[in-house]
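Both counts, for ligands and for their atoms, begin at 1 and track the order of listing. All values reported here derive from a predicted model rather than from experimental measurement.
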Amino acid sequence: MNPSTTPASIPVAARPFEFRLEPRRTALVIIDMQRDFIEPGGFGASLGNDVSHLAAAVGPTRTLLDAWRALAWPIVHTRESHAPDLSDCPPAKRHRGSPKLRIGDAGPMGRLLVRGEPGCDIVPALAPQPGEIVIDKPGKGAFHATPLGAELERLGVRQLVFAGVTTEVCVQTTMREANDRGFECLLVEEATASYFPAFKAATIEMIVAQGGIVGWAAPLASLMTALQPQLAARTASAA
Ligand code: C5J
């Protein structure tokens, strides 16, 4: 699509009311789609979770990723991860509870949540491509102790479309951080998942309650329908 004919905003049917997506100023933020959360033998499983609940979010997230890549709009991937010496892992985080394995312990996919280990990688279907931003975050929120805010400012981004896991932990924490920093945030419902389906549902309700106190939520189909003219124009201009 000729940039001069790109609309200033694209209406997306969402809750609690229409989200007006601003082309090129909206980044896709994919939270922690790492093997350590999604596959058996990782950090999520070490906490006693049924990791099979998270697989459902991979396909819808890939649909979003393909769309953002086709449109050449900004893409951010995050990884909850720690330095090999665990210097960025607060003892209060590492020693919480009584998991089978703790952060930094060796499991079947390497040391849990440690950068460079196989389990810390993003699942192959969603692997970052050159030019996409990858944020390693020691906390649950992606703004805490990371360059994410500076990267988004550099790109002139003011809206964030969210996918990833888990809905009520790192996705929600990051949405709340972003909301407090003045970003408009849209969560794509099928592209997020929790080990506890009831927590996912409750989180979506919390986000959209009180007139969108944290942001908006929309089904994947709403967003893809809204983006269709942009995607068709891209395909036509590439042909
Ligand atoms: C958790 C995350 N659940 N990515 N991390 O510990 O949500």
For a distance cut-off of 3.5 Å, show me each N or O of ligand 1 paired with any protein N or O, plus the separation.
from, atom 1, to, atom 2, distance (Å)
ligand 1, 3 (N), Thr166, OG1, 3.4
ligand 1, 4 (N), Asp32, OD2, 2.7
ligand 1, 4 (N), Val165, O, 3.2
ligand 1, 5 (N), Glu80, OE1, 2.9
ligand 1, 6 (O), Lys140, NZ, 2.8
ligand 1, 7 (O), Thr166, N, 2.9
ligand 1, 7 (O), Thr166, OG1, 3.0
ligand 1, 7 (O), Cys170, N, 3.1

Before accepting this row, confirm whether a basic side-chain N of the pair Arg62/Asp66 lies closer than 4.0 Å to the acidic partner's carboxylate O. yes
Can you list every salt bridge (charged side-chain N to carboxylate O under 4.0 Å, His left out) pair that touches residues 77-90, not counting sequence neighbours? Arg79-Asp136, Glu80-Lys93, Glu80-Lys140, Asp88-Arg115
Salt bridge (charged side-chain N to carboxylate O under 4.0 Å, His left out) contacts in which one or both residues fall within residues 157-175, not counting sequence neighbours: Glu22-Arg158, Arg158-Glu184
All heavy atoms of Ile207 vs all of Leu187, minimum pair found to be CD1-CD2, 3.8 Å
How would you list all residue pairs meeting ring pair (Phe, Tyr, Trp, His ring centres under 6.0 Å) that involve residues 219-239, not counting sequence neighbours? none
Take a 6.0 Å sphere around CZ of Arg69 and say whether it holds more than 12 heavy atoms from other residues, nucleotides or ligands. yes
